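Worksheet: the structure to be examined is printed underneath.
A note on names: the letters A, B, ... follow the listed sequences, proteins ahead of strands, and every chain is numbered from 1. This is a predicted model, so every value here is computed, not measured.
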Number of protein chains: 2
Amino acid sequence: MTPTIPDIVIGRLPVYLRALTRLSQEGVDVTSSHELGQRLGISSAQIRKDLSHFGGFGKQGTGYQISYLIDQLRQVLKVNREWDVVLVGAGDLGSALLHYRGFAERGFKITHVFDAAPEKIGKQIVQFSVQPMDELQETVQQHNIKMAMIAVPAEAAQRVTDLLIASGVKAILNYAPINLNVPDGVNVQYIDPVLHMQRMTYYIP
Amino acid sequence: MTPTIPDIVIGRLPVYLRALTRLSQEGVDVTSSHELGQRLGISSAQIRKDLSHFGGFGKQGTGYQISYLIDQLRQVLKVNREWDVVLVGAGDLGSALLHYRGFAERGFKITHVFDAAPEKIGKQIVQFSVQPMDELQETVQQHNIKMAMIAVPAEAAQRVTDLLIASGVKAILNYAPINLNVPDGVNVQYIDPVLHMQRMTYYIP
DNA sequence: TAGATTGTTAATCGATTAACAATC
DNA sequence: TAGATTGTTAATCGATTAACAATC
């Protein structure tokens, strides 16, 4: 069995990947842990240590070939393929997520949208037709979808979560401002911009 | 001088505050580190330790009075007041942020919107009129604004950051998918939902 | 009083950094 | 070859947890 890699390391890989993609776009072919660390504001030792969990991607004296490292990181993170995602909640926020092109551009394709409100069912948003909640389980199972985004009010979020998990979803991006309880084997990530704002005000004199 | 409190502790306070606010809405008056920890999936010891950095907010044998603890945390985080915020970038994302009511509801009031594109200047979004970038510095200084959100393309983000900092901004919520270089005394928080998605796919079998 | 829970100290755990041999 | 940078080990640093006296 592969020794378990710390989650905090996994969390930094997408940051590396993003910076490397950017360097690549700028026409840079090779970089070093030092250069990358400088860009990201972290130590070169940390970058080397993080990468070394997955194998030797660099060359002594030279550094890392960016295109190769990108390929390897995409493979490790399993983002070298397209992932289907369902969205629950078709309000203002859900609608904004449907309009956001960044997901599809980077391999996350929203395929279905659900909402509980009868008046929203059948509504067209971008190319999506909002489906009722009772179709969720069958749809998710039929298409073997493993990822979901939640954009419903806090009161509904745990119920929606339980339904998603019962349907086989393993990864949830939660925009509702509430902590979710999930069993082992299911991953939740939280987005609440207000939390970030509240963290910063502490430091403003 | 107050001993410095670890940033990771500051980062958890808004999470506590959010959970406490929710408990309060549910009609609960008193809670314990154990109950709160259970809700949030963290240890009771961590909660007690975090809170103890700021004083004794609880009572042995009883726990914490929620309304009092909320007041105290709001004071510590300086969110017991309203903060003005400028938004840079009036594209799809910026527009979605203007429509999002969660900021104002929790004390962060977007007061001005800027964009570099001539065709966007003067455009009305919700109650805002998009202003040109050359008005940014004067506006920020005049109103003594300390917080900003960035919703521009990655290529423009560092330039915008430099301008914001030159204007006196101390806290930046960055939606552009790029790392920003800022001097000491300026705080940046990042929101890139794709990074969260990429972190979760690693764990999907 | 008996039971419960805090605030805090000490012990443990884990993550980061420093250093350097290996080697391109 | 000389210079540079990796991958890795050991040392350091910091955060979390366990435990318990204090006390409501």
Side-chain angles (χ1 to χ4, degrees), chain A residues 2-17 19-20 23 28-73 75-76 179 199 202, chain B residues 2-17 19-20 23 28-73 75-76 179 199 202:
Chain A
T2 325
T4 304
I5 290 154
D7 179 61
I8 197 162
V9 172
I10 303 302
R12 280 192 293 261
L13 298 186
V15 178
Y16 299 163
L17 183 55
L20 290 164
L23 274 168
V28 184
D29 285 332
V30 173
T31 191
S32 64
S33 58
H34 181 76
E35 184 184 36
L36 193 57
Q38 194 129 46
R39 283 229 177 192
L40 297 175
I42 60 184
S43 79
S44 61
Q46 180 161 84
I47 291 176
R48 291 199 302 281
K49 187 138 219 289
D50 284 353
L51 295 179
S52 74
H53 283 103
F54 306 95
F57 298 142
K59 265 201 181 64
Q60 283 102 323
T62 312
Y64 301 90
Q65 168 127 29
I66 291 178
S67 61
Y68 176 73
L69 185 50
I70 288 176
D71 280 352
Q72 293 298 309
L73 287 181
Q75 210 165 97
V76 166
N179 260 75
R199 183 180 186 155
Y202 174 81
Chain B
T2 324
T4 304
I5 290 155
D7 179 60
I8 197 161
V9 172
I10 303 302
R12 281 192 293 260
L13 299 186
V15 179
Y16 299 163
L17 182 55
L20 290 165
L23 275 168
V28 184
D29 285 333
V30 173
T31 190
S32 65
S33 60
H34 181 76
E35 182 184 37
L36 194 57
Q38 194 129 44
R39 283 228 178 193
L40 296 175
I42 61 184
S43 77
S44 59
Q46 180 160 85
I47 292 176
R48 290 199 302 280
K49 187 139 218 291
D50 284 353
L51 296 180
S52 74
H53 283 103
F54 306 95
F57 297 143
K59 264 202 182 63
Q60 282 103 322
T62 311
Y64 300 90
Q65 168 127 30
I66 292 178
S67 60
Y68 176 72
L69 185 50
I70 288 176
D71 279 354
Q72 294 298 309
L73 287 181
Q75 209 166 98
V76 166
N179 261 75
R199 181 179 187 155
Y202 175 80

If you measure from [atom1] on [X] to [atom2] on [Y], what distance do you get to the nearest 0.5 Å?
X	Y	atom1	atom2	result
Tyr64(B)	Leu23(B)	OH	CG	14.0 Å
Ile47(B)	Ser32(B)	CD1	OG	8.5 Å
Gln65(B)	Leu20(B)	CD	CG	11.5 Å
Ile42(A)	Arg12(A)	CD1	CZ	6.5 Å

Discussion item. At under 4.0 Å between heavy atoms, how does the protein contact nucleotides 10-17 of chain D? Give one character per nucleotide, 5' to 3', with B, S or -.
Written reply: -----SSB

Worksheet item: For Ser44(A), which contact category applies under a 4.0 Å heavy-atom criterion: base, sugar-phosphate, or nothing?
Response: nothing

Item to complete: Quick one: do Leu17(B) and Leu13(B) satisfy side chain to side chain contact (heavy atoms under 4.5 Å, CB included)? Show the steps, please.
Response: CA-CA 6 Å; Leu17(B) 182 55; Leu13(B) 299 186; over 6 Å; no

Discussion item. With heavy-atom distances below 4.5 Å as the criterion, would you say the side chains of Leu69(A) and Thr31(A) are in contact?
Written reply: no

Worksheet item: Within a strict 4.5 Å, meaning less than it, do heavy atoms of the Leu73(A) and Phe54(A) side chains meet?
Response: no

I need the [atom1]-[atom2] distance between [X] and [N], as an integer number of Å.
X	N	atom1	atom2	result
Arg48(A)	dC20(C)	CZ	P	13 Å
Glu35(B)	dT6(C)	CD	P	10 Å
Ile47(B)	dA18(D)	CD1	C1'	16 Å
Phe57(A)	dC24(C)	CZ	P	17 Å
Lys59(B)	dG3(C)	NZ	C1'	17 Å
His34(A)	dG3(D)	NE2	P	18 Å

Response to the item:
Residues in residues 60-71 of chain B with a heavy atom under 4.0 Å of DNA chain C, by number, are Gln60(B), Gly61(B), Thr62(B), Gly63(B), Tyr64(B)

Contact summary for [X] and [Y], nearest pair of heavy atoms:
X	Y	value
Gln72(A)	Phe57(A)	OE1-CE2, 3.6 Å
Asp7(A)	Arg199(B)	OD2-NH2, 2.8 Å
Tyr16(B)	Asp50(B)	OH-OD2, 2.6 Å

Worksheet item: Where are the stems of DNA chain D, defined as at least 3 consecutive Watson-Crick or wobble G-U pairs with both distances under 3.5 Å?
Response: C:3-24 with D:3-24

Worksheet entry | Exceeds 12 heavy-atom contacts within 6.0 angstrom, atom NE2 of His34(A) | no

